[in-house]
J.: 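I'd like to ask some things about the structure below.
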Number of protein chains: 2
Amino acid sequence: MDQQCSCEKCELKQLFFENVTENEMMSLCQNRIEKSYSIGEKIITEGNEITQFIYLKSGLVKLYRHTEDGKEQIMTIAKPFDFVSILSVFSDLKYNYSVKALEESVTCNIPIAEVKGLIRKNGRFATSIIEKMSAVSDKVIIEMLEIRRRNLRGRLALILLYFSNVIFKSNSFDLPISRKEIAEYIGMTTENVIRTLTEFRKDGILKIYGKTIEITDKKRLKLISRLG
Amino acid sequence: MDQQCSCEKCELKQLFFENVTENEMMSLCQNRIEKSYSIGEKIITEGNEITQFIYLKSGLVKLYRHTEDGKEQIMTIAKPFDFVSILSVFSDLKYNYSVKALEESVTCNIPIAEVKGLIRKNGRFATSIIEKMSAVSDKVIIEMLEIRRRNLRGRLALILLYFSNVIFKSNSFDLPISRKEIAEYIGMTTENVIRTLTEFRKDGILKIYGKTIEITDKKRLKLISRLG
DNA sequence: CGTTAAATATGATAAATATCAGTTAGTGAT
DNA sequence: ATCACTAACTGATATTTATCATATTTAACG
């Protein structure tokens with residue numbers, strides 16, 4: 001079996017398919033589909049049947065859901081390696097959340113039945129999936145609790161630091177979401193997101209050029225993010 | 001092998017150990033320890049090493065964590081079958097949350113290594129664990145999002161309905177947590193929990209006798225819990 | 001290119017919520 | 001029973017946040 005599997009070269013192989021045999025790898029690889037999404041495109045739609053196990057190869061996405069009163073609520077923002085849309089995928093038949101690309105994104109889709117079969121067959125694979133899921137849920141829950149404890153300034157500081165330190169690893173970056181979406185993410189109104197950004201600007205903590213943010217006083221921003 | 005395993009009669013067997021062989025069952029059963037906790041006793045302490053896989057056989061517990069400023073934040077309240085302290089248990093070495101008994105509770109403790117081994121060996125068991133974990137994380141996350149969307153009256157209504165409908169299945173019940181703990185759970189101050197309870201009483205929605213709550217106008221309480 | 005819609009922005013005001021200060025009731029220990 | 005301590009409660013006030021109204025800028029599109 002000299003055939004080459006392109007997953008071998010995939011940087012996510014280590015994360016998800018460690019301890020998978022050659023044969024299993026081939027099978028996964030043959031059945032997988034890679035999909036590209038441009039900004040704003042929907043990757044997962046709430047209510048749709050779960051048929052694929054999807055993870056993010058590159059890009060940035062938001063996980064969100066619709067509330068009864070028609071508003072959107074962002075659950076978390078996911079980057080590759082960090083979150084891979086596995087939440088509730090194994091316990092439900094239909095998605096209870098949607099996923100949309102915030103940047104050009106590439107996903108890898110594997111039939112969910114294939115993954116479930118592999119979990120049954122390969123214990124080490126099962127272990128790795130459990131560990132990953134566990135870590136992801138944890139991250140989301142802690143993130144929510146941390147956001148909740150803070151006032152508006154603290155919340156906004158937190159998310160700006162998240163973008164700066166975790167996502168973009170730079171003090172200067174383009175906001176991947178609108179002010180409205182920030183509001184939906186950290187539970188405040190759009191007006192107050194804008195107002196608080198302006199406050200930060202006036203306080204000399206950051207500079208704003210439309211979507212571009214440059215954090216000029218990170219020490220102070222950290223301070224604001226600390227307590228209530 | 002005529003020996004009787006007491007887990008055979010356990011009502012949780014179906015949930016966790018379906019598809020487990022006789023031998024595996026025996027091994028699990030021999031290594032397990034059942035522990036009883038009285039009200040207020042700690043079951044899990046944040047920072048401690050994770051050595052046991054613990055699930056709730058009976059009773060009621062709270063999962064909570066300590067914030068840097070010394071306060072407590074309740075993540076969720078768990079009853080048997082509903083949540084079993086598996087969050088992050090597989091990805092971390094140490095607990096990042098604590099668990100305390102709100103009622104007389106009984107847990108079943110199995111060495112975590114044993115469970116991990118079984119996941120590796122038995123694919124159907126692995127599947128069942130993944131499904132359960134997935135559902136639990138989902139529940140907690142949705143619960144948090146639902147709480148967050150509401151104002152204080154809505155939040156309190158939500159938690160009262162949760163106690164009434166889900167936990168105690170009665171319109172009259174003893175609150176298993178203090179006003180302060182309710183506040184820590186739904187993210188408001190103790191004073192406002194008390195005040196809002198009083199408001200509900202004055203509005204004829206419920207009667208209060210210390211810890212005992214009797215919901216007299218559930219329709220209205222539901223209405224309050226609906227929107228922001 | 002102009003037209004429309006959406007996003008960003010700002011101010012005034014109302015409403016919600018937290019904080020502070022203090023009272024009362026209950027609980028456990030001795 | 002008394003003391004100490006905590007939980008439950010109440011009111012006044014300050015602060016935070018949402019709402020509403022409106023202007024401006026930017027993006028979207030035929």
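Predicted model only: the values in this text are computed from it and were never measured. Chain letters run A, B, ... following the sequence lines, proteins first, then strands; residues in each count from 1.
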J.: CD1 of I213(B) versus P of dC9(D): gap in Å, rounded?
T.: 8 Å
J.: K211(A) side chain N/O closer than 4.0 Å to the phosphate oxygens (OP1, OP2) of dT8(C)?
T.: yes
J.: Considering only dA21(D), dA18(D), dT10(D), which nucleotide approaches the side chain of E191(A) most closely?
T.: dA21(D)
J.: Would you mind reading off the distance between M188(B) atom CE and dA18(C) atom P, rounded to a whole angstrom?
T.: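 Going from M188(B) (CE) to dA18(C) (P), I get 7 Å.
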J.: Could you please name the option among dT10(D), dT17(D), dT19(D) that lies closest to any side-chain atom of N151(A)?
T.: dT17(D)
J.: Take atom NZ of K202(A) and atom C1' of dA9(C), then tell me their distance rounded to the nearest Å.
T.: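 Whole-Å distance recorded here is 10 Å.
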J.: Which nucleotide in the set dA9(C), dT19(C), dA18(D) lies at the smallest distance from any side-chain heavy atom of I194(A)?
T.: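 Looking only at heavy atoms from C-beta outward on I194(A), the closest nucleotide is dA9(C).
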J.: Provide the closest heavy-atom pair for F173(A) versus I215(A) in the form atom of the first, atom of the second, distance.
T.: CE2-CD1, 4.0 Å
J.: Separation of I208(B) atom CD1 from dA25(C) atom P, in whole Å?
T.: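 It is 16 Å, rounded to the nearest whole Å.
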J.: So, taking the atom named CZ in R201(A) and the one named OH in Y209(A), what distance separates them when rounded to the nearest 0.5 Å?
T.: 10.5 Å
J.: Rounded to the nearest 0.5 Å, how far apart are CZ of R226(A) and CG of L158(A)?
T.: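 Spacing of CZ (R226(A)) from CG (L158(A)) equals 10.5 Å.
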J.: Return whichever of R195(B) or S178(B) has its heavy-atom-nearest nucleotide of DNA chain D closer to the 5' end.
T.: S178(B)
J.: For a quick check of understanding: with a heavy-atom distance under 4.0 Å over all strands, which category does T198(A) fall into, base, sugar-phosphate or nothing?
T.: sugar-phosphate
J.: Think T189(A) has a side-chain N or O under 4.0 angstrom from the OP1 or OP2 of dA18(D)?
T.: yes
J.: To the nearest Å, give me how far apart CD (E72(B)) and C1' (dT6(D)) are.
T.: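 So the two atoms are 15 Å apart, to the nearest Å.
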J.: Side chain of N192(A): nearest nucleotide among dT17(C), dA8(D), dA18(D)?
T.: dA18(D)
J.: For R150(B) and dA18(D), what is the distance between atoms CZ and P respectively, to the nearest whole Å?
T.: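 Rounded to the whole Å, the gap is 16 Å.
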J.: May I ask you to decide if S164(A)'s main-chain N or O and S170(A)'s side chain share a donor-acceptor pair within less than 3.5 Å?
T.: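 Not at all, since once roles are kept as given, no pair shorter than 3.5 Å links the two residues.
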J.: Are any side-chain N or O atoms of S178(B) and backbone N or O atoms of E181(B), one a donor and one an acceptor, separated by less than 3.5 Å?
T.: yes
J.: Given atom CZ of R155(A) and atom C1' of dA18(D), what is their separation to the nearest angstrom?
T.: 12 Å
J.: Whole angstrom is fine here: how far is it from NZ in K180(B) over to C1' in dC5(D)?
T.: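 After rounding, the gap between these two atoms is 13 Å.
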